[in-house]
Asks: 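One structure is given below, represented as structure tokens, and several questions about it will come after.
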Number of protein chains: 2
Amino acid sequence: MDRAGTPKNRRTTITDVARHAGVSTAAVSKVMRNAYGVSPAMQEKVRAAIAELGYRPHAAARGMRGRTYTIGVLLDNVRNAFFADILDGIRDELRQTEYTVLIGAAGFEPEEQAKTIRAMEDRQMDGLILIAPGTPRDEVLTTAASIPTVVIGHHDAADTHDSVVDADDIGAGLVVDHLVALGHRDIALVSAPGTRTNRWKRTPEIVLSDGYLRAMERHGLAERARVQHAAYSDDGGFEAGMTLLTADRPPTAVMTGADVAALGIYRAAHELGLRIPDDLSLVGYNNTALAALAPVQLTSVDQAGHTMGSSAARMLVERVESRRDRAMRTTMTPRLVVRGSTAAPRVR
Amino acid sequence: MDRAGTPKNRRTTITDVARHAGVSTAAVSKVMRNAYGVSPAMQEKVRAAIAELGYRPHAAARGMRGRTYTIGVLLDNVRNAFFADILDGIRDELRQTEYTVLIGAAGFEPEEQAKTIRAMEDRQMDGLILIAPGTPRDEVLTTAASIPTVVIGHHDAADTHDSVVDADDIGAGLVVDHLVALGHRDIALVSAPGTRTNRWKRTPEIVLSDGYLRAMERHGLAERARVQHAAYSDDGGFEAGMTLLTADRPPTAVMTGADVAALGIYRAAHELGLRIPDDLSLVGYNNTALAALAPVQLTSVDQAGHTMGSSAARMLVERVESRRDRAMRTTMTPRLVVRGSTAAPRVR
DNA sequence: AGCGTTTTGTAAAACGTTCTCTACGGCGAG
DNA sequence: CTCGCCGTAGAGAACGTTTTACAAAACGCT
């Protein structure tokens with residue numbers, strides 16, 4: 001019986017471990033972080049005590065002085081299956097380490113995203129992975145100045161943060177080449193509007209559009225190029241599809257910047273009585289599970305989300321553990337995955 | 001010039017604010033938490049100083065003593081669109097508050113999930129929302145004893161944590177009734193295997209199966225009931241579909257516990273040359289965006305994920321702010337959404 | 001044996017909050 | 001005019017780590 005009343009089920013702290021092992025807290029701390037300057041005998045003793053007491057360091061307390069062993073991932077929404085691939089990559093890379101990954105799904109509002117980034121900063125996270133952030137570029141640079149950061153998606157280079165990008169321009173080229181080879185000439189692109197206010201000059205959408213336009217030009221189809229802006233969602237795709245397909249001279253093929261938008265276009269085509277791929281060829285982007293789904297069979301561009309995620313995680317940890325001090329960028333090469341949604345156009 | 005060298009870009013702390021406003025840190029702390037015992041004049045002064053200095057409390061430091069204003073959400077994987085609905089609900093409910101939501105996507109391994117829960121505990125989160133945790137029940141109860149917790153999905157009642165569930169048995173009944181009304185008699189269920197080792201007695205899968213079996217019984221079809229276990233994924237559904245549809249007397253209708261599994265069955269049917277709904281009626285569960293997709297048009301059961309999420313968040317905050325000390329449970333009523341994947345069976 | 005150097009371990013000071021006391025004024029009641 | 005009370009403010013002790021600075025011990029050379 002504790003005379004001071006119930007001892008409560010207080011957490012076992014580093015002090016408990018130290019006392020139990022008959023050493024100082026500093027020693028325990030060193031063992032936990034396997035820092036330099038601790039003898040094998042000490043290791044042994046302390047580890048035993050830790051195991052015996054089931055000690056777990058208090059992350060909040062750690063955050064006060066040193067690291068917090070937490071990696072934050074910012075994304076806008078969790079519905080984009082491509083992000084799931086990236087997350088899996090991050091998780092697989094970090095599984096064997098002692099870092100914990102926490103995800104902030106901040107929505108599309110720049111202000112909400114900024115709030116989430118700040119929250120991660122305040123929680124003293126060791127490193128941040130930002131997936132295509134909609135936050136103003138300056139804010140990201142400010143953050144990156146104080147926390148190791150990897151930006152996924154945006155092509156804008158910076159010397160304060162690392163980057164992982166897909167060569168979206170090449171991806172667009174692959175698609176256009178494929179469609180042209182099938183005989184298409186009226187090829188439209190449906191892409192998210194490049195947000196301009198926030199000072200990112202090379203968002204994935206912008207790079208994709210550029211690649212598309214250059215490829216069309218290369219095939220002498222510059223004046224037939226048509227870019228339709230739409231949100232990357234089922235409804236967004238539907239509206240864009242309706243606009244394009246009810247125009248005076250509708251395209252015979254449509255490529256999109258996201259699989260889910262392609263499915264919206266599918267719906268629009270369906271509604272207008274157009275069959276795919278007979279009346280309309282359709283191409284997605286990201287090669288998510290959606291594209292492979294049985295009833296869909298969408299031709300798409302694979303950009304290896306899993307690898308992007310694991311690269312980002314690896315790069316970030318290098319920085320966090322200061323094994324590297326220069327910014328770097330990894331570029332993935334996209335690959336075309338042909339499925340049933342593309343075919344030669346009908347002769348008219 | 002600071003004589004002690006560069007002052008670094010040190011965070012502004014509560015001490016800075018206190019000094020700048022000419023008050024004590026305790027006063028600032030009280031204002032931040034709008035606690036009792038602070039005069040309007042003090043309020044004014046301090047708020048001004050906070051604004052002027054752009055002060056943000058250091059969450060890690062907060063975690064040492066009091067709350068951390070962080071809510072943790074545990075889920076197995078981010079691919080299940082139903083979880084996205086729940087997350088949106090949580091986010092919308094908490095948007096106007098000062099709580100930050102951080103998500104741990106822990107994978108399906110119970111051990112990984114447990115690790116994530118512990119990580120959230122160590123980070124001193126204020127409350128936890130666990131979406132159908134695969135962790136042993138005891139561990140969840142232990143956690144719930146020290147942190148306010150809401151469990152979504154599992155029907156097992158407990159007096160330590162709150163629960164939000166869908167009446168999955170009723171949902172199953174709705175589907176069976178619908179299919180029987182169309183004329184089906186051989187109706188199979190594809191469901192995730194009820195994990196038994198971890199001591200949850202009433203997982204969603206188990207409740208769903210029970211509801212299915214009881215409904216079949218009610219229609220005098222007990223001996224035709226057939227439950228096939230499968231992982232809730234495209235591939236899992238495919239395999240289950242193959243098994244069922246190549247059996248001696250294949251079902252004319254299949255219902256599943258998740259939309260994504262239904263799509264796998266769709267693929268299996270496709271491969272076997274069966275058309276939907278002509279040769280096979282198919283029903284999903286959760287009414288995710290997947291079900292509504294144009295080429296799919298899957299009949300499904302809606303369980304209002306958004307509402308489940310916001311309820312969970314509201315209940316959790318009540319507990320965190322100790323406005324309630326009794327455990328409670330919210331049960332949602334499911335609704336059948338009929339689309340194109342169900343029809344009368346072909347006469348043989 | 002003596003001396004410098006390295007290794008190993010510890011005491012104690014941070015870190016930025018919250019929270020428990022205590023002190024202080026002002027004010028109404030006696 | 002004094003006494004008690006109430007409401008507000010502040011001092012200072014936690015909270016559980018990491019880290020710095022230093023002492024002690026061990027080691028390697030002459």
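Convention: sequence-line order gives letters A, B, ...; per-chain numbering from 1.
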Asks: Would you mind reading off the distance between B:R65 atom CZ and C:dT20 atom P, rounded to a whole angstrom?
Replies: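 Going from CZ in B:R65 over to P in C:dT20 covers 8 Å.
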Asks: Whole angstrom is fine here: how far is it from NE2 in A:H58 over to P in C:dG16?
Replies: 17 Å
Asks: I want to check something: taking the side chain as every heavy atom from C-beta on, are B:I117 and B:L128 in contact at a cut-off of under 4.5 Å?
Replies: yes
Asks: Can you measure B:D122 atom CG to D:dC15 atom P for me and round it to whole angstrom units?
Replies: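 Answer to the nearest Å: 18 Å.
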Asks: A:Y55 side chain N/O closer than 4.0 Å to the phosphate oxygens (OP1, OP2) of D:dT17?
Replies: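 So the side-chain polar atoms of A:Y55 do come within 4.0 Å of the phosphate oxygens OP1 or OP2 of D:dT17, strictly under.
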Asks: Can you measure B:R67 atom CZ to C:dT18 atom C1' for me and round it to whole angstrom units?
Replies: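 Taking CZ of B:R67 and C1' of C:dT18, I get 12 Å after rounding.
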Asks: Expressed as a whole number of angstroms, how long is the span from B:R123:CZ to D:dG16:P?
Replies: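 To the nearest whole Å, that distance equals 17 Å.
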Asks: Nearest whole angstrom, please: distance from the C1' of D:dT17 to the CZ of A:R56.
Replies: 15 Å
Asks: Under a 4.0 Å heavy-atom cut-off, which of residues 15-52 of chain B touch DNA chain C?
Replies: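 The stretch gives B:A26, B:S29, B:R33 as the residues lying under 4.0 Å from the strand, ordered by number.
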Asks: Taking atom types as modelled, is there a side-chain donor on A:D122 or B:H58 under 3.5 Å from an acceptor on the other?
Replies: no
Asks: Tell me: CD of B:E121 to P of D:dG16, nearest whole Å?
Replies: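 Taking atom P of D:dG16 as the reference, CD of B:E121 is at 15 Å.
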Asks: Using a distance-only criterion (donor-acceptor N/O pair, under 3.5 Å, no hydrogens), is the base of D:dT17 paired with the side chain of A:R62?
Replies: no
Asks: Closest approach of B:D156 and B:T203, non-hydrogen atoms and distance?
Replies: OD1-N, 4.2 Å
Asks: In Å and rounded to the nearest 0.5 Å, what is the OG to CZ distance from A:S163 to A:R202?
Replies: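 Spacing of OG (A:S163) from CZ (A:R202) equals 12.0 Å.
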Asks: Specify the separation, in whole Å, of atom CZ of A:R11 and atom C1' of D:dA14.
Replies: 17 Å
Asks: What I'd like to find out is whether the side chain of A:R11 reaches to under 4.5 Å of the side chain of A:R56, using heavy atoms alone.
Replies: yes
Asks: Going by atom type alone, with no hydrogens or angles, which donor-acceptor pairs under 3.5 Å involve a side-chain atom of residues 104-115 of chain A and a protein atom two or more places apart or on another chain?
Replies:
unit_1, atom_1, unit_2, atom_2, d
A:E111, OE2, A:R118, NH2, 3.2
A:Q113, OE1, A:G134, N, 2.8
A:Q113, NE2, A:G107, O, 3.1

